[in-house]
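The first residue of the sequence shown is numbered 1, and numbering continues consecutively from there.
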Amino acid sequence: MRVLLLKEVEHLGVRGQLLQVTEGYARNFLLPRKLAIPATPGVEAQAARMQAAEAKKRDARMAEFKALADKLSGVSCTLARKAGPDEKLFGSVAAADVAEALAAQGFPVERRQVQLEEHLKTLGVFTVPVKLAPEITAQVKVWIVREGERV
């Protein structure tokens, strides 16, 4: 059965996509939950309009992400933490800490966008990637200093 997706369905497709699915899957899952409608010639024309609108929204979002990435590339944030004499932190700096510091500077970044391979556990300067979109990543400089020190 051919259907038009009205909403994104995980592991199946995105909104506005025409798909061939089994009749039982469509009848028992997609149609009752209003995730899809049966494809007819009129619906296929509607799908083309939906895809054009989605492409336009996606392009606008990408432009916003590129502008934010340009701004973020020049940003650095300083986090003050307690550390021992060997410059190891008592605790660590996680992605949430970096996201919070960026938000305090006016950059709305979510924790999951900050791409730390592992928590930062020493004093120093680190370059942290912030993934805004699948193909747009900004590099942010993070300074971790001992509490009471200034940069």
Side-chain angles (χ1 to χ4, degrees), residues 1-81 89 91-145 147 150-151:
M1 178 178 208
R2 207 158 149 73
V3 296
L4 168 68
L5 292 179
L6 298 175
K7 296 180 182 173
E8 184 174 344
V9 179
E10 193 172 340
H11 304 296
L12 185 61
V14 294
R15 181 179 187 270
Q17 191 173 3
L18 285 168
L19 295 171
Q20 185 72 31
V21 296
T22 62
E23 193 169 328
Y25 183 59
R27 188 176 54 237
N28 296 323
F29 181 74
L30 296 175
L31 298 177
R33 289 177 172 78
K34 303 209 185 314
L35 298 174
I37 56 175
T40 62
V43 168
E44 290 183 11
Q46 179 185 357
R49 288 191 302 272
M50 285 174 72
Q51 288 174 346
E54 288 293 320
K56 196 174 195 179
K57 285 180 187 176
R58 188 172 39 254
D59 291 343
R61 248 190 337 254
M62 287 302 171
E64 288 177 21
F65 287 144
K66 286 180 183 174
L68 182 58
D70 290 341
K71 290 179 185 176
L72 274 175
S73 293
V75 169
S76 68
C77 59
T78 304
L79 300 168
R81 296 290 189 261
L89 300 180
S92 63
V93 173
D97 298 323
V98 176
E100 186 178 306
L102 290 172
Q105 291 183 14
F107 297 101
V109 175
E110 295 180 22
R111 173 195 55 81
R112 62 181 172 77
Q113 292 175 311
V114 178
Q115 304 290 305
L116 280 179
E117 289 182 21
E118 58 184 37
H119 293 208
L120 306 176
K121 299 177 183 180
T122 60
L123 298 176
V125 181
F126 302 91
T127 302
V128 176
V130 178
K131 191 171 189 174
L132 301 171
E135 59 275 350
I136 300 174
T137 303
Q139 302 294 328
V140 175
K141 195 171 278 194
V142 177
W143 294 73
I144 302 176
V145 297
E147 269 188 3
R150 295 249 182 220
V151 175

Please report the shortest heavy-atom distance between [X] and [Y], naming the atom on each side.
X	Y	answer
M1	A26	SD-CB, 3.5 Å
L132	F65	CD1-O, 3.5 Å
A69	A138	O-CB, 3.8 Å
R33	N28	NH1-O, 3.7 Å

Within this structure, what is the [atom1]-[atom2] distance for the pair [X] and [Y], rounded to the nearest 0.5 Å?
X	Y	atom1	atom2	answer
F29	T22	CZ	OG1	11.5 Å
K131	Q113	NZ	CD	10.5 Å
L6	K34	CG	NZ	9.5 Å
Q115	Q139	CD	CD	10.5 Å

Contact check, side chains of [X] and [Y], non-hydrogen atoms, under 4.5 Å:
X	Y	answer
L72	L102	yes
Q46	I37	yes
L116	V128	yes
L12	L30	yes
V75	Q105	yes
L5	V14	no
L31	P38	yes

Under 3.5 Å: donor-acceptor pair, side chain of Q17, backbone of E8: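 The answer is no, because no donor-acceptor pair under 3.5 Å joins these two groups.
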Heavy-atom donor-acceptor pair, Q51 side chain to G16 backbone, under 3.5 Å: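 It does hold such a pair.
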Within the supplied structure, the quantity of interest is the number of heavy atoms (other residues, nucleotides, ligands) at a distance under 6.0 Å from [X] [atom1]; does it exceed 12?
X	atom1	result
E117	CD	no
E135	CD	yes
E100	CD	no
R111	CZ	no

Counterpart residues, side chain to side chain contact (heavy atoms under 4.5 Å, CB included), relative to A103 (two or more places apart): none
Contact list for residues 51-78, test salt bridge (charged side-chain N to carboxylate O under 4.0 Å, His left out), sequence neighbours left out: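 For residues 51-78: R15-E54.
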Audit row: R81, D97, side-chain contact (heavy atoms from CB on, under 4.5 Å) steps and yes/no: CA-CA 11 Å; R81 296 290 189 261; D97 298 323; 3.4 Å; yes
